[in-house]
Amino acid sequence: MKRNHILRLHWKLFFPFVGISWLIIGITIIYFVRHEEQRQKTNLENRLLNVNYTVIDAYEHGVDLQKTVDFIRLFTAKTTLDPLHVTVYNDNRNMVADNAEATILLYDDDGNINPELEKLWNSGGHAKVSNMSYDNRKCMINSMTSSDGRIHSFAALPYDDEVLTFLRIDPMIWVVVIILGVLSLLLAYLGSRTICRNVYALQDLAQAISTDSLPDNIDPGQFSKDELGEVSRNLLTLYRDKIRAEHEKMYHERQIGLNISHELNTPVGIVKGYLDTVLGDNGIPHTQKQKFLLRAQQNIDRLANLVGDMTTVMRLQENGAGIERREINFHDLAVMLAQDVKQGHIADNMTFICDIPYDCRVLGHESLLNNALLNLIYNAAQHSGGTEISLIWLRKENGMHVFSFADNGKGVKEEDLPRLFDLFYRVDNGRSRKNGGAGLGMPLIKRIIVALGGNITVENVPTGGLRFTFSLPTAK
């Protein structure tokens with residue numbers, strides 16, 4: 001089925017190529033043939049004129065005209081002008097000289113003058129070479145009159161074998177035509193085949209991609225070094241990027257599933273252990289039983305927080321654009337956050353510095369923004385090991401307010417920075433688990449900022465600590 005398409009495309013290109021080539025060759029050959037025929041004919045006409053010029057010149061120099069005609073006949077014998085007719089008349093229309101076997105007669109047997117010859121006679125000394133039928137033969141003929149008007153010289157050249165042979169185009173021209181025709185066929189075939197080969201390669205590649213049957217070891221170098229080859233290479237690159245992205249997505253989803261399972265199993269296992277102990281041993285002292293139940297409750301709270309955070313993360317990821325945004329005075333939000341941090345002893349050992357302009361208004365969701373900023377503060381308080389936290393307005397650009405949140409702690413390794421916003425990623429698994437971290441704080445922060453129309457990046461501060469730079473849309 002595919003091969004039929006290939007053949008059709010091949011011939012669709014082949015026949016136009018051949019047609020255009022033959023058209024160009026045909027026009028060129030026709031022009032050349034006509035030009036060559038005209039050149040040969042002009043050559044004979046000039047030689048015919050020279051005959052009459054010679055006769056008139058001989059008359060004007062007092063040379064015997066018959067001897068002149070005989071000399072011309074002798075000179076042109078066995079040449080292209082061999083069938084030449086030359087006849088000279090005086091002004092009384094009496095024959096003065098001619099070649100006896102080829103006389104040009106003014107009158108026929110009935111005494112009637114030939115009208116064509118009479119026309120030439122009356123045309124004077126400037127007549128051009130004409131084609132006419134004379135003595136039942138087609139010929140080219142010319143008449144010339146002496147300056148005193150007393151001598152009229154006629155020269156005629158019948159289209160006999162010698163003349164026709166001279167005017168005939170060299171047969172080699174047709175050999176050249178045939179060779180050019182064959183070459184044009186060959187070039188058209190090779191050209192269309194070369195073009196189609198690239199199209200077929202692109203077609204096969206697209207077919208393999210659409211059916212997901214592209215070999216893994218296909219070499220981009222096998223495609224031609226032209227526009228079609230470039231399209232094929234780009235298509236191959238896009239396909240491989242798509243496959244790589246799908247594999248990474250599958251791997252990422254599998255890791256998320258494993259992490260979720262692990263994070264849920266830990267508190268569930270602890271709760272089950274305490275409850276099994278309490279229910280299975282009636283002799284446990286009341287104080288010990290209360291302690292076990294309290295630990296179970298703490299892990300239930302941990303499990304509830306984990307599920308709540310996961311729900312928020314997924315909701316933001318799937319439907320972030322649907323969040324209702326309102327105008328918020330970010331200065332007031334930051335001031336209340338600073339009071340909550342101080343009153344709630346969220347970061348007892350760290351100083352919170354806030355520098356936000358009074359009329360800094362953004363578009364956002366107050367509870368989500370508060371959640372994101374609290375997560376940043378919790379993360380710095382639990383993991384940075386620093387003594388200071390700062391929330392500072394940096395600038396306004398492209399319709400966005402840009403802020404900085406930083407601490408003066410120890411920062412993280414450079415290789416960990418690109419993964420800080422990945423779900424369940426922990427820089428220090430042991431310490432994070434000890435502090436109750438599940439690796440959801442950073443992903444939640446990023447998804448909140450992005451869902452509100454901004455962006456967030458993270459970097460190590462040269463003097464120590466982490467700096468988060470985030471933006472939020474400006475309220476109009």
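The figures here come from the full heavy-atom set of this structure, side chains too, leaving out hydrogens, waters and symmetry mates. Residue numbers start at 1 and run along the sequence shown.
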ask   = So how far is it from Cys360 SG to Leu472 CG, rounded to the nearest 0.5 Å?
value = 8.5 Å

inquiry  = For Val461 versus Arg467, what's the shortest heavy-atom pair and its separation?
reply    = CG2-CB, 3.6 Å

key: Phe403 and Phe468 aromatic centres sub-6.0 Å   = no

query = What distance separates Leu369 CG from Ile449 CD1, expressed to the nearest 0.5 Å?
reply = 6.0 Å

request  = Kindly indicate whether the side chain of Ile328, heavy atoms from C-beta on, has any atom under 4.5 Å from the side chain of Leu363.
outcome  = no

remark   = Of all heavy-atom pairs linking Ile356 and Leu391, the shortest is CD1-O, 4.0 Å

Flag side-chain contact, heavy atom, 4.5 Å: Lys446 against Phe470 = no

Heavy-atom side-chain proximity of Asn142 to Tyr53 below 4.5 angstrom = no

query = Do Ile448 and His365 touch side chain to side chain, with heavy atoms closer than 4.5 Å?
reply = no

inquiry  = If you apply the rule side chain to side chain contact (heavy atoms under 4.5 Å, CB included), what do you find for Phe405 with Ile392, and how did you get there?
reply    = CA-CA 7 Å; Phe405 181 92; Ile392 300 173; over 6 Å; no

key: From CD1 (Ile179) to OG (Ser184), nearest 0.5 Å   = 12.0 Å

query = Judged by atom type as modelled, is there a donor-acceptor pair below 3.5 Å linking the side chain of Ser471 to the main-chain atoms of Val402?
reply = no

inquiry  = Looking at every heavy atom in both Met350 and Asp407, which two are closest together, and how far apart are they?
reply    = CE-CB, 4.4 Å

query = Going from CG on Asp359 to NE2 on His331, what distance comes out if it is rounded to the nearest 0.5 angstrom?
reply = 10.0 Å

message = Quick one, Glu366 and Leu333 - any side-chain contact, counting heavy atoms below 4.5 Å?
response = yes

task = Please lay out, stage by stage, how Arg361 and Phe330 fare under the test side chain to side chain contact (heavy atoms under 4.5 Å, CB included).
result = CA-CA 6 Å; Arg361 299 182 180 276; Phe330 198 81; over 6 Å; no

request  = Heavy atoms only: give me the nearest Ala334-Phe352 pair and the separation to one decimal.
outcome  = O-CE2, 4.4 Å

inquiry  = Less than 3.5 Å apart, any donor N or O on the side chain of Thr387 or Asn408 sitting next to an acceptor on the other?
reply    = yes

task = Indicate the atoms forming the closest heavy-atom contact of Gly454 with Pro473, along with that distance.
result = N-CD, 4.4 Å

key: Side-chain touch Asn329/Tyr358, heavy atoms, less than 4.5 angstrom   = no

ask   = With no hydrogens and no angle check, is any side-chain donor or acceptor of Asn46 less than 3.5 Å from a backbone partner on Thr42?
value = yes

task = Quick one: pull up CG in Leu337 and SG in Cys354 and give me the separation to the nearest 0.5 Å.
result = 8.0 Å

ask   = What distance do Leu48 atom CG and Asn52 atom CG have between them, rounded to the nearest 0.5 Å?
value = 6.5 Å

inquiry  = Is there a side chain to side chain contact (heavy atoms under 4.5 Å, CB included) between Ile389 and Ile353? Walk through the geometry before answering.
reply    = CA-CA 6 Å; Ile389 304 172; Ile353 300 174; over 6 Å; no

key: Minimum heavy-atom distance between Thr474 and His401, given as atom pair plus value   = OG1-CD2, 3.5 Å

request  = Indicate yes or no: at least one non-hydrogen side-chain atom of Val335 is less than 4.5 angstrom from one of Gln339.
outcome  = yes

remark   = Result for side chain to side chain contact (heavy atoms under 4.5 Å, CB included) between Thr469 and one of Ile456, Asn455, Thr457 points to Thr457

request  = Determine whether Leu373 and Leu376 make a side-chain contact, defined as any pair of heavy atoms from C-beta on separated by less than 4.5 Å.
outcome  = yes

key: Stepwise side chain to side chain contact (heavy atoms under 4.5 Å, CB included) test for Cys139 and Leu157   = CA-CA 5 Å; Cys139 62; Leu157 188 63; 5.7 Å; no

query = Among Lys410, Glu414, Lys413, which residue meets the side-chain hydrogen bond (donor to acceptor under 3.5 Å, both in side chains) test with Asn460?
reply = Glu414

